[in-house]
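What follows is a single structure, written as structure tokens, with notes after it.
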Amino acid sequence: MIVTRFAPSPTGELHVGGARTALFAFLFARHNGGKFLLRIEDTDRERYIPESVGHIIAALNWLGLVPDNNDKVVIQSERLEIYKKAANELLNNGHAYICVCSKEKLTADRERQIAEKKPPRYKGHCRELNLKKNDVADEEFVIRMKVPKGGSIAVNDLIHGEIIFDLSLFDDQILIKSDGYPTYHLASVVDDHEMSVTHVIRAEEWLPSTPKHMLLYKMFDWNIPAFAHLPMNLAPDRSKLSKRHGATGVFEYKNLGYLPEALINFIALLGWHPSDDREIFSLSELIKEFSLERVQKSGAIFNIQKLDWLNGEYIKNMSTKDLYGALIDFYKNKPEIISDKNNALKLLEVGRSRMQKLTDFQTLKDSFDIHEYDKNLLIWKESSAEKTLTNLKLTQELLRSLLINEFSQKELEAEIMPLANTNGRGEILWPLRVALSGKNKSPGPFEIMSFIGKEETLRRIEMAIQKLES
RNA sequence: GGUGCCAUCGUCUAGCCUGGUCCAGGACAUCGCCCUUUCACGGCGGUAACGCGGGUUCGAAUCCCGCUGGCACUACCA
């Protein structure tokens, strides 16, 4: 049974980079019929933001990456005794030791070493001291792991292959901090073991500390899981993706009008690609196609233009009913925007190819509305006001005489195009379109008429005629 | 500084393992044309890449070495 996990630190909302990591862990588990678990790594009490736990879970659910332990998420801060017990075991069998070096001393050491252009290392003062817990006051010691002085360790990464690390380069990593909380290294190893995680799928920044984790597994005499280190998501300038590059949170993208399906599809393609040229994938198609072998090694820039395009594709191809549903949800705090259901449905029918994001609905709506405009806008290129007036009146007469009440684009075209072909398309259609929209850029006249209906069409044309006659 | 990872169009990538079918394919963006009353949609087409230098080989984007560059790690942060 394959088990993967996503283990974010609750220091803010779910980041798109984190979502990508979660997605790959989710896809790998689902593809193999395994489990995908969520664990909250809240061992850093200084950066801890309580609300972010709920936000992360909500974001995961919005994306459709529902963990199998959604109702029983593992929270590290509730498991302190387990980590202490594990650390004590290491203490007892000589794989760890108590260290009383003060933070100040360590910082000073490190600064001096850096100034001397030497690698900053823990000097190992306490390594052979063999201090006992009874010898030291609470809150004044840490527990460090005893990393062997020599030798090497090979990490067999599913994406990068075999990587050999020289153990002499590793510091004696702190396992339990002076506040009694475990560090990432201890907690993640203990939990991955307890949760029976078989594949540790995480961001590449963890690759350099994987040997420490493997050492820990060996010290505990536990089975070592498989590792897969995912390439980073980068900002356009190839630096680490951060706030200063714009939106980074999953919910920020939601609020910008992106669909979860499009966001998922987009981040899946950031570091993974099938062997053919397909680019549109639903979550279930991704589950079917995904494999770690086809994950890219190099970092990928988060390029929002492609996300925009993908989102537009999803909007174009989903059913009107689904799109309407997405909009209802999107505007749940501003329901007035979409309160008239028939109107909204009709609008989507006529104009949805103009939408790329859900926020474009407002623009779309506005493009069928009319506002005050300058009458000269009605005149086509080199044409004259008189000619325009005559043509508008001709069009008005024609439309008035139509017996049809429900304007359809096809019927309207059949009725008006002959006139336009005779008198000149620009001469007929431009004034008509401006009369209907009041804008220099807008949907076509037939689109607008079919949307607003006969009565409103005639009213707007009459308005234009009066403008010209005044 | 040290260690490690990575390196194909501006961007995401296919191809690399199993060298020849690659004067490198697709997509986004961009440009042009068509459609068209405008804008968008749509259709068609163009520009654009194997980081550099050495090998190995009849032949290298593909294998090897070096260099350069980018990134990560080097915390009582994860």
Side-chain angles (χ1 to χ4, degrees), chain A residues 7-11 41-44 46-47 99 101-103 106-107 110 113-114 116-122 141-144 155 157 159-161 163-166 169-171 173-185 187-188 202-211 229 231-232 234 236 238-240 266 269-280 293-294 296-310 312 316 351-356 364 367 377 380-381 420 424-434 437 439-445 447:
Chain A
S9 181
T11 54
E41 310 219 321
D42 57 346
T43 55
D44 180 351
E46 307 215 338
R47 296 201 304 152
C99 173
C101 296
S102 71
K103 283 182 195 177
L106 293 173
T107 310
R110 188 166 42 247
Q113 287 166 329
I114 289 170
E116 290 169 3
K117 301 222 180 238
K118 286 180 183 161
R121 301 288 308 278
Y122 171 62
F141 69 93
V142 300
I143 298 177
R144 285 182 186 269
V155 175
D157 188 87
I159 291 164
H160 296 274
I163 304 161
I164 310 221
F165 291 90
D166 185 349
L169 263 19
F170 288 92
D171 258 349
Q173 188 64 50
I174 289 176
L175 264 18
I176 299 279
K177 300 181 270 189
S178 55
D179 65 0
Y181 280 79
T183 56
Y184 172 86
H185 307 287
S188 72
R202 64 200 345 176
E204 194 175 282
E205 62 200 86
W206 293 110
L207 190 50
S209 45
T210 305
H229 289 92
M232 313 273 295
L234 309 170
R238 293 223 158 259
S239 66
K240 205 168 173 173
F266 176 66
L269 259 17
L270 239 42
W272 173 85
H273 200 280
S275 54
D276 59 25
D277 289 333
R278 282 178 68 200
E279 299 213 277
I280 308 287
E293 289 76 45
R294 295 201 61 85
Q296 200 76 11
K297 289 195 185 82
S298 54
I301 291 175
F302 192 92
N303 172 225
I304 199 147
Q305 285 176 326
K306 191 147 186 175
L307 171 60
D308 285 344
W309 168 75
L310 258 175
K316 274 171 210 125
R352 73 144 101 199
S353 68
R354 296 169 176 278
M355 290 175 64
Q356 203 162 45
L364 178 64
S367 69
L377 195 56
W380 166 247
K381 286 187 179 171
R425 292 187 169 195
E427 292 288 355
I428 294 293
L429 298 174
W430 173 271
L432 176 59
R433 189 188 61 75
V434 175
S437 68
K439 302 177 185 77
N440 64 340
K441 295 174 182 178
S442 81
E447 284 172 87

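- Rounded to the nearest 0.5 angstrom, Tyr184(A) OH and Ser9(A) OG are separated by 10.0 Å.
- Separation of atoms CG (Asn440(A)) and CH2 (Trp430(A)) is listed at 6.0 Å; rounding is to 0.5 Å.
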Got a list of protein N/O to nucleotides 29-32 of chain B N/O distances below 3.5 Å?
none

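- C16(B) and C64(B): their C1' atoms are spaced 14 Å apart (whole Å).
- Between Arg433(A) and Glu447(A), none of the side-chain N atoms (NZ, or NE/NH1/NH2) sits under 4.0 Å from a carboxylate O, so this pair counts as no salt bridge.
- As rounded to whole Å, 10 Å separates atom P of A14(B) from atom CH2 of Trp272(A).
- At a threshold of 4.0 angstrom between heavy atoms, the contacts of Gly444(A) include nucleobase atoms, whether or not backbone atoms are also involved.
- The nearest whole Å value for the distance from the NE2 atom in His273(A) to the P atom in C28(B) is 12 Å.
- Using the Watson-Crick or G-U wobble rule with both distances under 3.5 Å, C5(B) pairs with G70(B).
- With hydrogens and angles disregarded, no donor-acceptor distance shorter than 3.5 Å links the side chain of Ser442(A) to the backbone of Lys439(A).
- No donor-acceptor pair closer than 3.5 Å links the side chain of Gln173(A) to the backbone N or O of His185(A).
- Separating the P atom of C41(B) from that of G53(B) is a span of 42 Å, rounded to the nearest Å.
- Atom pair Asp276(A):CG and A14(B):C1' shows a separation of 10 Å (rounding to whole Å applied).
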Can you give one letter per nucleotide of nucleotides 69-77 of chain B, going 5' to 3': B for a protein heavy atom under 4.0 Å from the base, S for sugar-phosphate only, - for none? --SSSSSBB
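- Here His229(A) does not reach the OP1 or OP2 of C5(B): none of its side-chain N or O atoms lies under 4.0 Å away.
- Judged as a side chain to side chain contact (heavy atoms under 4.5 Å, CB included), and not counting sequence neighbours, the contacts of Asp166(A) are Ser168(A), Leu169(A).
- Following rounding to the nearest Å, Ile301(A) (CD1) and U13(B) (P) show an atom-to-atom distance of 9 Å.
- A salt bridge links Lys306(A) to Glu279(A): at least one charged side-chain nitrogen sits closer than 4.0 Å to a carboxylate oxygen.
- The CD1 atom of Ile164(A) sits 15 Å away from the P atom of U3(B) (whole-angstrom rounding).
- Here Glu116(A) lies out of heavy-atom contact (under 4.0 Å) with every strand.
- Rounded to whole Å, atom P of U36(B) lies 13 Å from atom CH2 of Trp380(A).
- Within 4.0 Å of Arg294(A), counting heavy atoms only, lie sugar-phosphate atoms of the nucleic acid but no base atom.
- C41(B) is unpaired under the criterion used here, namely a Watson-Crick or G-U wobble arrangement in which both key atom distances are under 3.5 Å.
- With a cut-off of 3.5 Å on both pairing distances, the Watson-Crick or G-U wobble partner of U30(B) is G46(B).
- For G53(B), the paired base is C65(B) (Watson-Crick or G-U wobble, both distances below 3.5 Å).
- The distance from the CG atom of Leu207(A) to the NE2 atom of His229(A) is 5.0 Å, given to the nearest 0.5 Å.
- Nucleotides C63(B) and G15(B) place their C1' atoms 16 Å apart, quoted to the nearest Å.
- Relative to the side chain of Arg354(A), the nucleotides A7(B), U38(B), C39(B) differ in distance, and C39(B) lies closest.
- For Asn303(A), the side-chain atoms get nearest to C28(B) when compared with the rest of A40(B), G15(B), C28(B).
- The partner of A14(B) cannot be assigned: no Watson-Crick or G-U wobble pair with both contacts below 3.5 Å exists in any strand.
- Distance from the side chain of Pro119(A) is smallest to G1(B) among A40(B), G1(B), U37(B).
- Rounded to whole Å, the distance from CG on Leu310(A) to P on C12(B) is 15 Å.
- In this structure, the CD1 atom of Ile280(A) is 11 Å from the C1' atom of C28(B), given to the nearest Å.
- Contact annotation: the side chain of Phe266(A) never approaches that of Leu269(A) to less than 4.5 Å [non-hydrogen atoms, C-beta and beyond].
- Nearer to the 5' terminus of RNA chain B, by closest-nucleotide assignment, is the contact made by Phe165(A) (compared with the other of Ser353(A) and Phe165(A)).
- The partner of A75(B), taking Watson-Crick or G-U wobble pairs whose two distances both stay under 3.5 Å, does not exist in any strand shown.
- Distance check on atom P: G26(B) versus G43(B) gives 15 Å, rounded to whole Å.
- Minimum atom distance to the side chain of Ala300(A) is reached by C12(B), of the listed C12(B), A78(B), U38(B).
- Looking at Tyr122(A) and Leu106(A), their side chains come closer than 4.5 Å, going by heavy atoms from C-beta outward.
- Within the 4.5 Å cutoff, side-chain heavy atoms of Pro211(A) are placed close to those of Val155(A).
- Taking the C1' atom of each, A72(B) and A78(B) are spaced 14 Å apart, rounded to whole Å.
- Heavy-atom nearest nucleotides on RNA chain B were determined for Leu269(A) and for Asn440(A), and the one closer to the 5' end corresponds to Leu269(A).
- Annotation: side chain of Pro443(A) is in contact with side chain of Arg354(A) (closest heavy-atom distance under 4.5 Å).
- A donor-acceptor pair is defined here as one N or O able to donate and one able to accept, closer than 3.5 Å; no such pair exists between the side chain of Arg278(A) and the backbone of His273(A).
- Distance check on atom P: C65(B) versus C17(B) gives 15 Å, rounded to whole Å.
- Atom name C1', nucleotides G46(B) and A29(B): the rounded distance is 14 Å, in whole Å.
- Nucleotides C50(B) and U62(B) place their P atoms 12 Å apart, quoted to the nearest Å.
- Across all strands shown, Thr11(A) has no heavy atoms under 4.0 Å from either base or sugar-phosphate atoms.
- Within 4.0 Å (heavy atoms only), Arg425(A) reaches sugar-phosphate atoms of the nucleic acid but no base atom.
- When Watson-Crick and G-U wobble pairs are counted only if both distances are under 3.5 Å, G19(B) pairs with no nucleotide at all.
- Using a 4.0 Å heavy-atom cutoff across all strands shown, Pro443(A) reaches at least one base atom of the nucleic acid.
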